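Fair warning: this is a prediction, and the values are worked out from it, not measured in the lab. What you see below is based on every heavy atom in this structure, not just the backbone, and it leaves out hydrogens, waters and symmetry mates. Each chain gets a letter, A, B and so on, in the order its sequence line appears, and its residues count up from 1.
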Amino acid sequence: MDFLNSLNPPQKEAVTTTEGPIMVIAGAGSGKTHVLTCRIAYMLKKGNQNGERVSPFEILALTFTNKAAKEMRERIEKMVGTEARNIWMGTFHSIFARILRTQAEKIGFSKDFTIYDQEDAQGLIKTILKEIKIDEKVFKPNYIHHRISMAKNMLVTASEYQQYVRDEWTEKTYEVYKIYEQRLKNANAMDFDDLLLKPLELFRDNPDILAYYQNRFEYILVDEYQDTNHAQYMITRYLAHKHQNITVVGDDAQSIYSFRGANIQNILNFNKDFPNTKVIKLEQNYRSTPNILAVANEVIQKNKDQIQKIVWTENKEGDKVTVIRSLTEQDEANRVADIIRSTRYELNLALKDFVVLYRTNAQSRAIEEGLRKVGLPARVIGGMSFYQRKEIKDLIAYFRVVLNDNDETAFKRIINYPTRGIGEVTIEKILDASRKTGNSLWYILNHAEQYLGKGKSTAAIQGFVEMIQNFRDYSTKNDAYQTAKHIAHTCGLFKELKNDTSPEGISRVENVQELLNAIKSFVDDTSQNDKSLSFFLQEVSLLTSADLSPDEDAVTLMTIHTAKGLEFPVVFVVGVEEDLFPSRASLNSRSELEEERRLFYVAVTRAKYRLYISYAEQRYRYGDVSESTASRFIKEINPNLLNFEGRASQIIRKHQKNHQQYLEHSLYQPSVKSFTHVGENIIQDEFKGEFIPCNPGDLRVGMEVRHEKFGKGKITAIDGTEDNFKAHVFFNGIGNKTLLLKYAKLMIVKD
DNA sequence: CCGTTACTCGTTTTT
DNA sequence: CGAGTAACGG
C-alpha cells in the first residue's frame with residue numbers, strides 16, 4: 001500500500017483501524033479528506049482488520065456537499081479503479097432521498113414524490129397562514145418555518161409539538177405545523193427535513209428494512225460530523241448499530257451550522273453512544289503558513305466550548321497576515337482588486353487561486369463591482385443559485401405537475417404563468433373547492449364546470465388541463481430531454497421570456513436553454529442508469545451552490561459558510577466589522593458569538609500562503625451609509641502577527657492599544673473550558689507525563705514543551721540560526737509566543 | 001382580470 | 001438599495 005507512506009502516524013492509524021467506532025478530530029487543513037479517501041481505498045484494496053474483503057457496496061460515506069462526495073469518489077477511483085463507483089457516497093439528503101424513493105410506498109408516499117425547497121416550503125406556510133387568518137406581518141412565514149424545521153430536526157412531530165406550546169408563538173407554530181404536515185403529505189411532497197425524518201420513520205416501523213440497511217452498510221463514514229443535526233445523528237446511530245463500524249470525522253472548531261440545527265453535542269458526546277470509541281486527533285496542518293495558523297489559533301482560543309487541540313505546521317514561515325483598513329466598501333473592493341492585480345504576477349498565480357470571503361451574500365455586489373472596474377473576471381458562488389432562479393423554477397414547476405398531480409405549490413406557480421386568464425379569484429375558488437370537498441386540485445381542475453360553472457375561466461382551465469394531459473402523454477413516449485424540450489416550447493414560457501429583450505430577459509432565455517442542456521447531458525450520461533425526469537428533479541433539488549463549479553479562471557467570491565472545506569492560496573476576508581462579523585444578531589448570546597468566532601476561524605484557515613483581513617469604516621446598509629469599526633476578532637489577534645496596510649503607524653498604535661485593553665479588561669479568560677467527557681479525556685492526556693530539560697538543538701516542531709511562566713505549549717515552528725534559534729510556541733490559553741531558545745528555559749514534555 | 005405604481009421592510013449563514 | 005406586497009385604474 002504505497003499511499004500509506006504519505007500519512008503521518010495518527011493519519012495512518014485512522015486509515016488502518018477499520019473496525020469499531022472511531023472519532024477523528026481533524027484540525028483545519030490536517031488532511032482529513034486525504035485520510036477518508038485513503039481509508040476507503042485501504043479497505044477496498046487491503047480488506048478489513050480481520051483479513052476479509054470489503055465490497056464497495058458495504059460502504060456508506062456521508063459528506064456535507066455533493067461536490068465533496070464527487071471529488072472523494074474520483075480520488076478513490078484513481079487509487080482502486082472503477083469499483084469506487086459502487087460506494088454509497090453523497091450527502092445525507094441525497095442518499096436518503098434515493099433510499100426513500102425505493103421505499104416511498106411504505107410510508108404513504110409514491111415514488112415520484114416532490115422535494116420542496118426552502119422557497120416552496122415557505123410559500124406553503126404562507127398560504128396556510130392566510131387560510132387560517134394568522135397575520136403574516138406579525139408571525140413571519142420564514143420564522144414559523146424555521147421553528148417547524150428545528151422541531152423536525154429534533155424529531156418532534158406536529159402532534160408532539162403540542163406539549164411545547166407555551167406562548168402565542170409556539171401556539172401559532174403548532175397550528176401551522178399540523179396543517180403543513182398534512183398538506184405536504186397531500187401534495188406527495190417532502191421538505192428537506194423530511195428527507196432525514198422519513199427514513200427514521202421508515203426504519204422505526206419496518207424492522208426488516210432497517211435490518212436490511214444495517215446489514216448492507218457494514219462500514220459507515222461521516223464527514224463534517226460537527227455539522228450534523230439530531231436527525232442525522234439518529235440515522236447514523238440506527239444504521240451503525242449492528243456492525244458498530246462507524247467513523248466520524250470533524251472539527252468542533254469548525255461547527256458553523258447551528259442555525260440549521262447542527263448540534264455540536266453530537267461530536268462531544270459521540271463516545272457515550274459508542275463506548276469503545278477510539279479518538280484520533282489530527283493536529284498537523286499541511287495547508288497554511290505558521291503565521292496564518294497563529295492568527296487562527298489565537299482567535300479560536302477565546303472560545304470556551306471546545307475540544308482542546310493545537311494545530312501546528314512545519315510549513316514555511318510565509319508573510320504576515322495583512323489587515324486592510326478602508327474608508328468605504330467601494331474603497332475596500334478597489335484595494336482587493338488592486339492587490340489581486342499586482343499579486344497574481346508577483347506570485348505567478350491564476351485568478352482562481354484568489355478568493356474573497358464575506359459574512360453575508362449582500363456583500364458580493366461591491367466586490368464584484370470593484371473587480372469589474374479593473375477587468376478582473378469574478379465568479380460569485382451561492383446567493384441565487386441557478387436552480388433557484390425564477391425562470392428555472394417555473395419550468396421545473398411544469399415538470400413537477402406533469403409527474404405529480406398533487407403538487408399544489410407547483411400548480412399555483414404555473415396555473416396562470418404565462419397568463420392564460422385564470423386569475424386570483426378563480427384560483428381561490430379552486431383551492432376552496434379542493435379544501436371543502438377533500439378532492440385533489442387536479443380533480444377539481446378536471447371537473448371545473450361542475451365547481452365553477454360555465455364561463456371564460458372554466459374554458460381557460462380546461463385548456464390548461466388539456467395541455468398538462470398532453471405533456472403527460474408525451475412524457476410516456478419520449479425521454480426526459482425530449483419531454484422537457486416539448487414542455488418548454490409548448491407551455492408558452494419560452495414565448496413569454498422572449499418578449500423581454502432587456503439583457504436580463506435575454507439571460508433568462510439562455511438560462512432556460514441551459515436547463516434543457518443540463519437535462520440532455522443527464523440523459524446522455526452513461527454512468528447514470530436512472531434517466532427519468534423524476535430522478536433528474538430529485539438530483540437538482542438537492543444541489544448546493546458549492547456543487548456547481550465551472551472551471552473558468554476567475555476570482556472566486558463566496559460566503560464563509562460556502563467556503564468550508566475548501567482552500568485557496570490567497571484569501572481575503574472582507575467586511576470584518578462589528579455588527580457585520582460578528583453579526584449583530586449574534587451578540588446576545590455567548591454561544592452564538594462563539595459560533596461567529598468559529599466562522600472567523602474557518603475563514604482564516606482557508607488560506608494557504610497569504611491572508612488579508614479587511615474592514616471598511618463606512619458601508620451601505622439598507623440603502624444609506626452607516627459607520628462601522630473593526631471587528632473584535634481583529635482586536636483579538638496579537639498585532640505582532642499582523643501587517644497594517646494604509647496609514648500604518650497610526651493604526652498599529654491604535655491596534656496595539658486595543659489589544660492591550662482587550663487583554664486587560666475584557667471578558668477574556670485563560671481557557672478554563674466546559675468540557676464533556678470526550679474533551680476531558682483529551683485534556684487529561686495532555687497533562688500526563690513529565691518534563692525534561694533540554695538543549696535548543698533537541699527541540700522539534702510539534703513537540704510539547706513547558707515554559708516557566710507560560711506553562712505548557714506546543715512548538716509550531718522553529719527558525720533563526722545557530723546561536724539564535726527561535727521557537728514559536730503556542731501556549732494553552734495564552735496564545736503564540738516567539739522565544740529565543742538561548743534564554744527561554746524550555747522543558748520537553750515527555751509521555 | 002391584468003399591469004402599473006407606491007410603499008414597506010429587511011441581512012446572517014443553507015441542505 | 002431592492003425585493004416583494006398592497007392598491008388602483010384600465
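- Across all strands shown, A:Glu592 has heavy atoms under 4.0 Å from base atoms, whether or not it also approaches the sugar-phosphate.
- At least one test fails for A:Lys429 against the ring of A:Tyr451: distance under 6.0 Å to the centre or angle within 45° of the axis.
- With the nearest nucleotide of DNA chain B identified for both A:Ala585 and A:Arg420, A:Arg420 has the one nearer the 5' end.
- Spacing between atom CG of A:Leu357 and atom P of B:dT14 amounts to 12 Å, rounded to whole angstrom units.
- Residue A:Met558 contributes atom CE, which lies 14 Å from atom C1' of B:dT14 at whole-angstrom precision.
- Here A:Gln122 contributes atom CD and A:Asn142 contributes atom CG; the two are 5.0 Å apart, rounded to the nearest 0.5 Å.
- By the 30° and 60° cut-offs, the orientation of the rings of A:Tyr257 relative to A:Phe64 is tilted.
- Using a 4.0 Å heavy-atom distance criterion, A:Glu595 is classed as making no nucleic acid contact.
- At B:dG10, one or more side-chain N or O atoms of A:Lys140 fall inside 4.0 Å of OP1 or OP2 (strictly under the cut-off).
- Sequence order on DNA chain B of the closest nucleotides to A:Thr426 and A:Ile256 puts A:Thr426 first from the 5' end.
- For A:Lys126, whose side chain is taken as the heavy atoms from C-beta onward, the closest listed nucleotide among C:dT5, B:dT14, B:dT11 is C:dT5.
- Residue A:Ile235 is tested with A:Leu200, A:Ile95, A:Leu197 for a side chain to side chain contact (heavy atoms under 4.5 Å, CB included); the sole match is A:Leu200.
- Relative to the ring axis of A:Tyr417, A:Lys390 places its NZ or CZ within 45° and under 6.0 Å from the centre.
- A straight line from CG of A:Leu587 to P of B:dT11 spans 16 Å, rounded to a whole angstrom.
- Nearest nucleotide to the side chain of A:Gln118, out of B:dC1, B:dT11, B:dT14: B:dT14.
- Residue A:Tyr622 has its side chain nearest to B:dG10 when only B:dT13, B:dC1, B:dG10 are considered.
- Here A:Thr360 lies in heavy-atom contact (under 4.0 Å) with a base.
- Note: CZ (A:Arg598) to C1' (B:dT13) measures 13 Å, nearest angstrom.
- In this structure, A:Asp193 atom CG and B:dT14 atom C1' are separated by 11 Å, rounded to whole Å.
- B:dT11: no Watson-Crick or G-U partner with both key distances under 3.5 Å is found in any strand.
- Among the heavy atoms of the strands lying under 4.0 Å from A:Tyr257 are primed sugar atoms or P, OP1, OP2 only; no base atom is included.
- Considering only side-chain N and O atoms, A:Asn416 lies under 4.0 angstrom from the phosphate OP1 or OP2 of B:dC2.
- Not one side-chain nitrogen or oxygen of A:Ser583 sits closer than 4.0 Å to the OP1 or OP2 atom of B:dT13.
- Neither OP1 nor OP2 of B:dT11 sits under 4.0 Å from any side-chain N or O of A:Asn361.
- When the side-chain nitrogen and oxygen atoms of A:Thr562 are compared with OP1 and OP2 of B:dT14, one or more of them lie within a distance under 4.0 Å.
- Backbone-only engagement by A:Arg365 is indicated by non-hydrogen atom pairs under 4.0 Å involving sugar-phosphate atoms exclusively.
- Nucleic acid contact class of A:Ser94 (heavy atoms, under 4.0 Å, all strands): none.
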